[in-house]
Amino acid sequence: MATSRTFGPEREAEPAKEARVVGSELVDTYTVYIIQVTDGSHEWTVKHRYSDFHDLHEKLVAERKIDKNLLPPKKIIGKNSRSLVEKREKDLEVYLQKLLAAFPGVTPRVLAHFLHFHFYEINGITAALAEELFEKGEQLLGAGEVFAIGPLQLYAVTEQLQQGKPTCASGDAKTDLGHILDFTCRLKYLKVSGTEGPFGTSNIQEQLLPFDLSIFKSLHQVEISHCDAQHIRGLVASKPTLATLSVRFSATSMKEVLVPEASEFDEWEPEGTALEGPVTAVIPTWQALTTLDLSHNSISEIDESVKLIPKIEFLDLSHNGLLVVDNLQHLYNLVHLDLSYNKLSSLEGLHTKLGNIKTLNLAGNLLESLSGLHKLYSLVNLDLRDNRIEQMEEVRSIGSLPCLEHVSLLNNPLSIIPDYRTKVLAQFGERASEVCLDDTVTTEKELDTVEVLKAIQKAKEVKSKLSNPEKRGGEDSRLSAAPCIRPSSSPPTVAPASASLPQPILSNQGNRVCILLLVEPHSPAWASWLGWGWGRRASTSFQGQTQGGQCLLQAGPRGGTRGRGAWPDASCCLLGEDSRLL
């Protein structure tokens, strides 16, 4: 692995560059020579055939007046023979070493490109970047596009500035370092993307190189990936202007990104807070930052550095190693939070930290209970897929949330329960039609089933109250008149109806719906039913009796013909004394 050079004011002398021909390979009908170039601790390989050497030599003879006889001569017959190739390898290596020795300061442009200095060597990289920005810089700034650059390029610019050399040592105005500095001062959108493993044909671990971002003075948006956050300097210089920041595959803690200088102080507090106790530093906040993406890192806790981002509205901490949710009470403006694919197992007290949250992604965690979500009254979107939720009762914790519109529970154990969708939707009561479950719009048929499930549940509750002697007296005092049909030998009487009975429900299919509850079963004698009927035809009447465990129902519109059994278009649900659907 290549180690980086000194990153600071004290630097070692620039090492001499070397080029060795380390081998060759036959490609089709010609031989390609493998060149290993060394620049300090950095090494890379370049491949060229003999004709490339010849073209290089012709240009250097014309431009730099080097010796015409310095390059080994061509050979037509037996040019690919092993003995000739081995001799030519040695001669070409001597040729390259003499060229590098002849130009110890600034390497000629044609030789630098031949040895791929514009990809791997500091001066070559900055010269190529300066020329690119000289030609296209104004166009890129005018278009407002994101400018992509690699860590190796930023490292080269940083090193070049540290050297204190003239900004245009080569004498070519197009390669003047000033073109880079002018561009970076005005750039608004920056993307820095490293590579995993060695860069190109080199041994350079690009993601481990240090670089300084303080040359950027007007950044509004920054994306950084596959870099080492501990080696990034100068990002805090963009605090006054930066609105969106993304650092992925780069950090082990939030502090590394938000307050890298914290390691220098024992105690620190954000600017503008009341100081209590000994404080060794006051740190300015990220006053313009509203969106922060720290996903796909190795962050294990939400530390106190969040105090420095008080205006954050969108926070993405997905794909990390978080065990608990902490310190988010400092983010008063937070409305969108992504904590998916972490290691969260509890949500207790979450409402005390997320008062104004609207979108919450908790997918891919270890959650079994949703009890901590019941007071997130502003929540609109909730993703709970890929967790360990088994009990339908857990959904009740979110069923009463007044603003919730989108819920996802896919790939939880409860999602394989029969009639899973309607049972979940039933937990939302009168708001079932407003909830989109698992990215699927609720159908009219599902809503009808939900209404029936809700009525059955209500009937069970009423039965429970009526069967409780202690409560029955109190219930009787609050009952209003409702028809109760007894055997024909007995005159009709008025049966009590609880004030808590289900309210009329409009069937989405226009069908009649009835719920029948056995009040005083006397098997095998006749028993009375207390029945409720509702639907789009509110005048529908219901009569019911039982004998020997059988249910007899008469239903029909007011003034119409009545007959035993439900009308063909009627949908009836009968609830027996054991609270089972008959």
Side-chain angles (χ1 to χ4, degrees), residues 1-8 12 14-15 17-25 27 32-48 112-129 132 146-160 162 190-213 222-235 245-254 256-257 260 293-300 316-321 341-342:
M1 180 186 297
T3 57
S4 62
R5 298 178 183 174
T6 304
F7 187 59
E12 297 177 358
E14 188 173 350
K17 299 175 180 62
E18 297 180 358
R20 297 176 56 243
V21 179
V22 296
S24 60
E25 57 188 30
V27 178
V32 171
Y33 297 92
I34 302 172
I35 307 164
Q36 180 176 292
V37 184
T38 302
D39 179 21
S41 60
H42 295 172
E43 296 179 351
W44 62 92
T45 57
V46 183
K47 295 181 180 181
H48 286 296
H113 274 258
F114 184 85
L115 296 176
H116 288 186
F117 280 13
H118 57 300
F119 291 143
Y120 305 107
E121 190 265 341
I122 290 174
N123 298 305
I125 291 171
T126 55
L129 180 60
E132 177 188 356
V146 175
F147 181 70
I149 192 170
L152 180 54
Q153 290 173 293
L154 288 170
Y155 166 76
V157 174
T158 301
E159 292 287 292
Q160 187 88 320
Q162 293 279 348
L190 175 67
K191 181 177 182 179
V192 184
S193 299
T195 55
E196 296 186 77
F199 177 71
T201 65
S202 74
N203 67 341
I204 301 173
Q205 298 287 337
E206 187 183 34
Q207 71 274 22
L208 300 179
L209 294 175
F211 55 86
D212 193 338
L213 295 177
V222 174
E223 299 176 48
I224 299 173
S225 65
H226 295 99
C227 298
D228 188 345
Q230 295 183 1
H231 292 160
I232 300 174
R233 298 290 183 268
L235 181 60
L245 174 60
S246 173
V247 180
R248 306 167 76 232
F249 301 102
S250 304
T252 58
S253 73
M254 298 182 71
E256 290 176 357
V257 178
D293 179 359
L294 294 178
S295 63
H296 295 276
N297 285 297
S298 301
I299 298 172
S300 59
D316 188 347
L317 290 169
S318 62
H319 296 275
N320 278 286
Y341 299 96
N342 278 278

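Computed from a predicted structure; not experimentally measured.
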Worksheet item: Using a distance-only test with no angle check, is there a side-chain donor-acceptor pair under 3.5 angstrom linking R248 and S295?
Response: yes
Item to complete: Taking the side chain as every heavy atom from C-beta outward, state whether V46 and T201 have any pair of such atoms under 4.5 Å apart.
Response: no
Worksheet item: What is the ring orientation for Y120 with F199, classed by angle as parallel under 30°, tilted 30 to 60°, or perpendicular over 60°?
Response: perpendicular
Fill in: Whether over 12 other heavy atoms sit under 6.0 Å from E196 CD
no
Practice prompt. If the plane angle is over 60° it's perpendicular, under 30° parallel, otherwise tilted; pick one for H226 and F249.
Written response: parallel
Practice prompt. Kindly indicate whether the side chain of V257, heavy atoms from C-beta on, has any atom under 4.5 Å from the side chain of L245.
Written response: yes
Discussion item. Please find the pair of heavy atoms, one from W44 and one from E121, that lie closest to each other, and give the distance.
Written reply: CH2-CB, 4.1 Å
Discussion item. A side-chain contact here means heavy atoms from C-beta on lying under 4.5 Å apart; do I149 and V157 qualify?
Written reply: no
Discussion item. Would you say that I125 contacts Q160 through its side chain, given a criterion of any heavy-atom pair below 4.5 Å between the two side chains?
Written reply: no
Practice prompt. Provide the closest heavy-atom pair for I299 versus N320 in the form atom of the first, atom of the second, distance.
Written response: N-OD1, 3.0 Å
Worksheet entry | Shortest non-hydrogen contact from A19 toward I35 | CB-CG2, 4.3 Å
Item to complete: Taking all non-hydrogen atoms of both residues into account, name the closest pair between G194 and C227 and its distance.
Response: N-SG, 4.3 Å
Worksheet item: Do F211 and I232 come close enough that some side-chain heavy atom pair is under 4.5 Å?
Response: yes
Worksheet item: Below 4.5 Å, heavy atoms only, C-beta onward: do Y155 and T158 meet side chain to side chain?
Response: no
Worksheet item: Going by heavy atoms in the side chains, are V37 and D39 under 4.5 Å from each other?
Response: no
Worksheet item: Are V22 and T45 close enough that some pair of their side-chain heavy atoms sits under 4.5 Å apart?
Response: no
